[in-house]
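Since this is a predicted model, take the numbers as computed values, not measurements.
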Amino acid sequence: MSDVMINVCYDDSAPKRPPAGKRVKKNRFFRRRMQDLEQKGCVEGKHKYNHRPGQSRHDQAPPRPNGASTSHPSLPTSTNKSLPPPSSTAGASHSSSKPSTSTQRPMNTKATTTTTATTHRPSVSSSHKQTSAGIPTKYVAIDCEMVGSGPKGRISQLARCSIVSYEGDVVYDKFIKPSVYVTDYRTRWSGIRYSDLTNATPYSEARKEILRLLMGKVVIGHAVHNDFKVLGYSHPAVLTRDTSRIPLLNAKAGFAENECASLKRLTKAILNRDIQTGKKGHSSVEDAKATMELYKVVEVEWERELASRSQAS
């Protein structure tokens, strides 16, 4: 058997850890010393090991029986998913405070979007309708009342204009003050009086409003060329329907085909309704509504005839 020699080198420069018994005695001595200094008031309370009721909330709290920590742990993700959505009261309280968490924000955005869509859902205008060909169009009926200017009031001036939709709803109705001096109010027919024009809309302003409503629309009127004349306006012929020149209406009323029947006679014969009665003069709203109703009586036949003419040409 050979001899084995082991050389062991010790480094005295390395720090040696004191035995456990000496550390316990040292810590015990240090605690006693600190207690004596605390009783004498030489040491502040932040160095105390035994915390008292008046301790700061930042100091370490004594351990609890179940070992739970006093710090507030972050909530797990599953906790946020199980929370119920915020009530309306809670949503109101957050409006004046900091923004809510990212989990709640999408829910609020969705609710807002839904409410807006419900509240602000666009409605179909009463002036829109669907033709038999499925092409959306807009129809309005117009009637104007005139007063006279110049010698014996022979020059017609616009004093009132009314526009109604396809369903007969009033879109526009205003008294209009002519830009020239009125010599004849024609009250027996127009229903216009001096007091009606005292604070009326100036002609230049009213004209812009009216033309803006007529632009791009199918305009229906009875002898509508007179209305366009006092407006100083020419509407496209393909978008104009004059009920005084529709043979179909005359045929239904029992009049001669080429007769230019008055609006009052046509309304009585076809709709069995009296208009323009009494001594107060005409009502442009009443006349515009009657014109639209007369057009609707022959609308399908008339539009079909106009479409066939345009195709033939």
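- Between T243 and V298, every side-chain heavy-atom pair lies at or beyond the 4.5 Å cut-off.
- Members clustered with W189: none, using a 4.5 Å side-chain heavy-atom cutoff among hydrophobic residues.
- A 4.5 Å side-chain heavy-atom check between E303 and R241 finds at least one atom pair inside the cut-off.
- Separation of atoms CG (D227) and CE (M146) is listed at 5.0 Å; rounding is to 0.5 Å.
- Without hydrogens or angle criteria, K252 side chain to A269 main chain gives no donor-acceptor distance under 3.5 Å.
- Between atom CE of residue M292 and atom CD1 of residue I163 there is a gap of 10.5 Å, rounded to the nearest 0.5 Å.
- Residues V164 and T291 fail the side-chain proximity criterion, which asks for heavy atoms closer than 4.5 Å.
- One distance of note links NE2 of H222 with CG of L249; it measures 9.0 Å at 0.5 Å rounding.
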Decide yes or no on salt bridge (Lys or Arg N to Asp or Glu O under 4.0 Å) for E305 and R309, but give the supporting numbers first. CA-CA 6 Å; E305 182 178 338; R309 289 179 185 177; 2.4 Å; yes

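- When side chains are defined from C-beta on, P202 does not count as touching K177, because their heavy atoms never get closer than 4.5 Å.
- Summarising the geometry, atom SG belonging to C161 is positioned 7.0 Å from atom CG belonging to L214; distances are rounded to the nearest 0.5 Å.
- S162 OG to K289 NZ: the interatomic distance, rounded to the nearest 0.5 Å, is 9.5 Å.
- Atom OG1 of residue T183 and atom CD1 of residue I155 lie 8.0 Å apart, to the nearest 0.5 angstrom.
- Hydrophobic cluster membership of V147, counting Ile, Leu, Val, Met, Phe, Trp and Tyr whose side-chain heavy atoms lie under 4.5 Å apart directly or via other members: F175, V182, Y185, I192, Y194, L197.
- Among pairs with a residue in residues 228-263, those fulfilling ring-ring contact (aromatic ring centres under 6.0 Å, His included) read F228-Y233, F228-H235, Y233-H235, at least two apart in sequence or across chains.
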